[in-house]
Amino acid sequence: MTITRDTLLAAIDRITAAMERDFDMLNSADGALGDGDLGVTMTRGMRAITAMKDDLPNDIGMALFQCAQAFTKSSGSSYGTLMATGLMSAAKTLRGEESIDTANVPELIAAARDKMQERGKAELGGKTVLDSLDYVAKATDGADDMAQAAADAVDQAMVDFRDKPATVGRARIFGEKSIGMDDPGMLAMQSVVKAATGR
Amino acid sequence: MTITRDTLLAAIDRITAAMERDFDMLNSADGALGDGDLGVTMTRGMRAITAMKDDLPNDIGMALFQCAQAFTKSSGSSYGTLMATGLMSAAKTLRGEESIDTANVPELIAAARDKMQERGKAELGGKTVLDSLDYVAKATDGADDMAQAAADAVDQAMVDFRDKPATVGRARIFGEKSIGMDDPGMLAMQSVVKAATGR
Amino acid sequence: MKKILNNPENYVDEMLAGMTAAHPEYYRLHGDSGKVVARAKAGKSGKVGIVTGGGSGHLPVFTGYVGEGLLDACAIGDVFASPSAEQMADAIRAADSSAGVLRLYGNYGGDVMNFDMAGELVEFEDITCTTVLLADDVASAPPEEAEKRRGVAGMVYAFKIAGAAAEEGRDLDAVTAVAQKAADACRSIGAALSPCTVPQAGKPTFEIADDEMEMGMGIHGEPGVWRGKLKTADDIAGEMMDRLLADMPLTNGDRVSVMVNSLGATPPEELYILYRMVKSRLEDAGATIVMPLVGRYATSMEMAGVSFTLCKLDDELEKLLNAPCDCAFWRVG
Amino acid sequence: MKKILNNPENYVDEMLAGMTAAHPEYYRLHGDSGKVVARAKAGKSGKVGIVTGGGSGHLPVFTGYVGEGLLDACAIGDVFASPSAEQMADAIRAADSSAGVLRLYGNYGGDVMNFDMAGELVEFEDITCTTVLLADDVASAPPEEAEKRRGVAGMVYAFKIAGAAAEEGRDLDAVTAVAQKAADACRSIGAALSPCTVPQAGKPTFEIADDEMEMGMGIHGEPGVWRGKLKTADDIAGEMMDRLLADMPLTNGDRVSVMVNSLGATPPEELYILYRMVKSRLEDAGATIVMPLVGRYATSMEMAGVSFTLCKLDDELEKLLNAPCDCAFWRVG
Ligand SMILES: Nc1ncnc2c1ncn2[C@@H]1O[C@H](COP(=O)(O)OP(=O)(O)O)[C@@H](O)[C@H]1O
Ligand SMILES: Nc1ncnc2c1ncn2[C@@H]1O[C@H](COP(=O)(O)OP(=O)(O)O)[C@@H](O)[C@H]1O
Ligand SMILES: [Mg+2]
Ligand SMILES: [Mg+2]
Ligand SMILES: [Mg+2]
Ligand SMILES: [Mg+2]
């Protein structure tokens with residue numbers, strides 16, 4: 001199976017719709033542990049991508065690169081920059097290709113995770129979007145139904161981390177108080193992955 | 001009949017007590033039409049006079065001059081300055097005397113009224129302390145019971161002016177809205193005169 | 001509005017103690033009333049003195065503007081209360097270097113009475129005084145009764161212009177005349193969004209709903225021309241400019257300085273948003289803006305709101321406005 | 001907290017439009033993002049550039065400090081939001097005159113990521129960048145994790161000192177080193193009395209009872225070390241000084257600058273009341289106060305509250321602090 005420009009466009013539509021739907025939910029999750037703008041960041045970024053999606057090239061690397069740029073320009077929030085960093089990582093690997101072999105997806109996600117980790121200077125296990133991606137990378141690796149595995153992984157990450165304290169970003173300051181609360185960035189990745197995989 | 005240092009000291013005690021009693025009333029009357037400090041001004045002024053009353057000289061003019069100074073130093077509110085101006089006017093006339101012939105009281109009050117009018121650049125009839133003094137000056141002139149006449153006059157002034165609009169000082173800005181409301185300065189003079197005359 | 005205070009009775013004394021301690025190069029206390037601030041370094045001998053005075057709670061007005069090219073001394077009262085005549089007399093004494101003293105202050109009943117009385121006191125000491133009153137608040141009386149208007153932020157222009165004239169070595173009559181010209185050239189209007197709390201009173205100066213504003217309100221909460229729903233920044237600026245320009249029309253080629261002043265809590269961000277409209281209205285009128293002043297120049301502690309002041313300039317006023325001045329809150333040149 | 005606004009979406013654009021219109025002699029917009037402010041007159045060619053950036057709503061921080069002897073350019077985001085990496089790259093470009101650029105800003109996750117990314121973008125254009133992060137807020141992490149602390153008002157000292165070093169003609173490494181030294185010499189703590197409202201959010205950043213304060217709160221309303229009854233000015237100042245001096249002890253003969261900063265609504269009157277206690281605590285410690293800064297240097301729009309910053313000086317830092325600088329909000333020399 002392969003992912004082409006068309007697959008990407010369809011996923012963009014679903015993710016954009018999911019972000020519009022989750023606007024309030026993400027803002028208030030971020031409001032409880034941060035500055036309350038994560039819904040704004042995600043809708044702005046996805047709207048910017050949607051606005052130019054018809055112009056995306058067939059070169060899937062270039063297409064992802066332009067998606068990354070849309071995030072970089074539309075907001076300076078941490079999450080937008082992390083998303084851009086992850087997309088950029090995949091974009092560099094895929095440059096010149098017109099499709100992605102799904103077999104390579106776990107590796108692409110793992111590489112994105114690593115680049116994002118470098119950018120955010122945070123450890124895995126800190127209850128952030130990194131942990132969601134880490135779960136996805138590991139769960140998809142060798143899975144039969146990769147989409148289902150990814151969707152299950154983001155759910156599992158939520159469950160496994162809910163009762164840990166936040167140690168990264170604005171949420172860090174809440175320390176123990178963050179136990180029992182979902183990390184907004186993990187919630188956003190849950191929505192993104194489920195929309196991307198059509199769950 | 002004459003007014004001596006002793007008469008003055010007794011009056012000071014009564015006025016000081018009256019101002020402590022009327023502290024809230026005067027502040028709130030002034031709060032409704034001004035800046036709400038008239039109770040503060042009057043208690044401060046009278047406390048300052050009480051504090052030095054044992055040192056007041058027998059020269060009744062000098063004694064009144066020192067009372068005026070106490071007002072000048074204790075506050076910069078209009079009313080304090082007007083009180084000081086009125087006291088100063090009487091003080092100048094009485095300098096060197098050890099007593100006041102009560103027959104001269106109407107004239108002394110009229111003169112104080114005129115000096116205060118000059119100081120405040122306001123007309124009579126403007127619903128201010130000037131009107132109260134004007135009523136007192138006129139009512140006491142030739143009265144048998146001068147004290148009673150003065151006490152009645154400050155009451156009458158309140159009644160006659162209540163339904164006129166304020167045209168002077170901070171209250172001016174309220175214009176027609178001040179109709180039906182008592183002028184705080186007239187209220188203060190009502191208390192002062194009644195306390196001074198022992199009513 | 002919450003305040004950081006100790007005993008409210010000591011508010012002004014502590015404020016002056018802190019201010020003179022923080023800026024000893026600019027301010028010192030003069031005399032023993034504890035309420036008179038003078039320049040740390042006295043002005044040139046033979047210079048006309050300029051004093052002002054009024055209630056506390058308006059920093060930088062009044063005490064803040066004591067400094068070179070500005071005021072020589074200032075008597076300051078309790079919050080929103082006139083200083084006493086005695087304190088004003090002391091300020092006049094501090095300002096005098098035998099060339100006479102201009103009393104330059106806002107038109108408030110108590111202040112006028114006390115400065116008049118202070119003048120009588122220092123007359124005995126052979127100090128000559130003149131008076132110029134600021135009466136720039138167009139919302140406080142109609143043009144026919146312009147002399148009854150309150151003095152607000154326009155006094156900052158008068159301090160600056162008179163201060164520069166005195167620094168030039170002009171005599172008392174000349175300094176007084178140009179101060180009067182500056183006072184006559186100023187028009188102001190304010191709009192308040194929230195009250196402030198006078199420390200000794202302990203409660204807000206007025207009440208206003210969360211979605212309301214009051215156009216034309218005075219700096220102590222004196223009633224304005226209307227109270228109603230909070231408008232947009234552009235509408236507020238537009239109406240304020242309308243009212244100022246109706247009172248002092250500008251024509252093509254006029255030169256004017258404009259002050260967009262926060263009453264306290266309103267942040268510079270919002271002043272800049274308002275300034276766009278102020279500028280475009282003045283340019284529409286054909287006027288040239290000289291030295292726009294956007295910031296906190298005359299406040300009411302933590303009141304939210306703004307005031308605009310126009311100061312119409314001729315060559316003399318413009319030159320004096322641009323002359324150097326220096327105090328802890330404002331520097332030109 | 002009431003605000004004077006138009007469409008909240010346009011808050012920052014309108015603010016920058018007004019700011020550059022009011023002070024064209026200091027500021028100009030650079031590039032086409034509309035969010036990068038540069039000096040009106042570019043610095044000397046060959047001078048090391050200094051850029052900063054961060055969220056709007058903190059004037060004079062960040063854009064206000066663009067000026068001679070201070071910053072060369074600044075990228076500004078929405079209220080309390082990081083500017084984008086692209087905008088920061090633009091600010092770096094504006095600041096570069098081929099001697100390299102120091103990125104000097106506060107330690108906030110988003111800003112760090114974006115400035116790092118911006119550095120990668122301009123690397124392709126052969127612009128060399130260094131970084132110094134301000135992490136002066138002692139309430140935001142214990143001393144063992146000092147590098148995790150947030151950057152607050154201490155950055156004003158770093159801007160001033162690094163700016164003076166760059167103006168002197170030092171090279172990028174030297175400017176970076178002295179900026180780091182200044183950053184290391186600063187300790188800050190804040191106390192909030194009331195929240196502010198982010199225009200696009202439309203509601204206060206936090207809730208706090210009428211008789212409460214929060215010690216150690218961050219400038220975006222980040223939780224502090226305790227919340228409780230509002231204390232007296234002297235008690236507040238005393239505790240804040242205790243916390244600062246515990247983190248950076250001073251000994252006899254030390255020279256230190258201190259900033260008593262309003263977070264916005266708190267008026268200068270209250271700052272001066274606090275300053276008495278600050279001064280006496282520093283003097284008790286045997287320290288000499290150099291250039292005390294009392295005013296609004298780093299704010300959160302209309303938030304009520306204060307912050308104190310200590311900057312411990314050696315001869316080099318003191319000389320650079322005293323060097324001339326000039327922007328619309330601050331002038332030295
Ligand atoms: N340094 C970091 N490393 C990894 N993830 C991070 C980091 N900082 C923030 N995040 C993730 O981003 C989410 C918050 O994103 P966002 O709301 O954009 O942050 P902010 O508004 O503080 O810039 C967090 O919930 C977390 O998952
Ligand atoms: N110019 C004036 N002429 C006569 N009386 C005046 C004048 N101004 C004020 N008053 C009187 O003083 C009273 C207010 O006094 P006060 O509260 O001390 O004024 P403020 O606080 O405004 O200085 C008024 O009610 C009025 O009777
Ligand atoms: Mg956020
Ligand atoms: Mg954010
Ligand atoms: Mg009063
Ligand atoms: Mg008063």
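This one's a predicted model, so the numbers in the text were calculated from it and none came from an experiment. Just so we're on the same page: letters track the sequence lines, and every chain starts at 1.
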### Task
Report the C-alpha separation of D:Val37 and D:Leu29 in whole Å, then their side-chain angles, then the decisive distance to 0.1 Å, and conclude whether the side chain to side chain contact (heavy atoms under 4.5 Å, CB included) test is met.
CA-CA 5 Å; D:Val37 172; D:Leu29 286 173; 4.1 Å; yes
### Message
Under 4.5 Å from any heavy atom of chain D, what part of A:Phe71 do you find: side chain, backbone, both or neither?
### Response
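For A:Phe71, no heavy atom lies under 4.5 Å from chain D.
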### Spacing of A:Leu64 atom CG and A:Leu108 atom CG [to the nearest 0.5 Å]
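Result: 9.0 Å between the selected atoms.
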### Query
How far does CG of A:Asp152 sit from OG1 of A:Thr140, to the nearest 0.5 angstrom?
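Separation between the atoms: 11.5 Å.
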Determine which donor-acceptor pairs between chain A and chain D fall under 3.5 Å and list them with their distances.
from, atom 1, to, atom 2, distance (Å)
A:Arg44, NH1, D:Asp78, OD2, 3.4
A:Arg44, NH2, D:Asp78, OD2, 3.3
A:Thr72, O, D:Ser84, OG, 3.3
A:Gly76, O, D:Ser82, OG, 3.4
A:Gly76, O, D:Asn114, ND2, 2.5
A:Ser78, OG, D:Gly110, N, 3.4
A:Thr81, OG1, D:Asn114, OD1, 2.3
A:Arg119, NH1, D:Glu120, OE2, 3.1
A:Arg119, NH2, D:Glu120, OE1, 3.0
A:Arg119, NH2, D:Glu120, OE2, 3.4
A:Lys121, NZ, D:Asp116, OD2, 2.6
A:Arg172, NH2, D:Lys148, O, 3.3

### Task
Return the set of residues passing side-chain hydrogen bond (donor to acceptor under 3.5 Å, both in side chains) with A:Arg95 (not counting sequence neighbours), or none when no residue passes.
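For A:Arg95 there are no side-chain hydrogen bond (donor to acceptor under 3.5 Å, both in side chains) partners, ignoring immediate neighbours.
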### Query
Can you list the residues that meet the salt bridge (charged side-chain N to carboxylate O under 4.0 Å, His left out) rule with A:Asp160, with sequence neighbours excluded?
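Counting only residues at least two positions away or on another chain, A:Asp160 forms no salt bridge (charged side-chain N to carboxylate O under 4.0 Å, His left out).
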#### Entry: Within 6.0 angstrom of A:Glu107 CD, more than 12 heavy atoms from elsewhere
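No, because the 6.0 Å sphere around CD of A:Glu107 holds 12 heavy atoms or fewer from other groups.
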### Query
Picking from D:Gly110, D:Gly77, D:Ala81, D:Ala141, which has the most non-hydrogen pairs under 4.5 angstrom with chain A?
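Going by pairs under 4.5 Å, I would pick D:Gly110.
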### Message
Less than 4.5 Å to any heavy atom of chain A: does that hold for the side chain of D:Pro223, its backbone, both, or neither?
### Response
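Both backbone and side chain.
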### Query
With A:Asp163, which residues qualify under side-chain contact (heavy atoms from CB on, under 4.5 Å), at least two apart?
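If we apply the side-chain contact (heavy atoms from CB on, under 4.5 Å) test to A:Asp163, skipping adjacent residues, the hits are A:Ile179.
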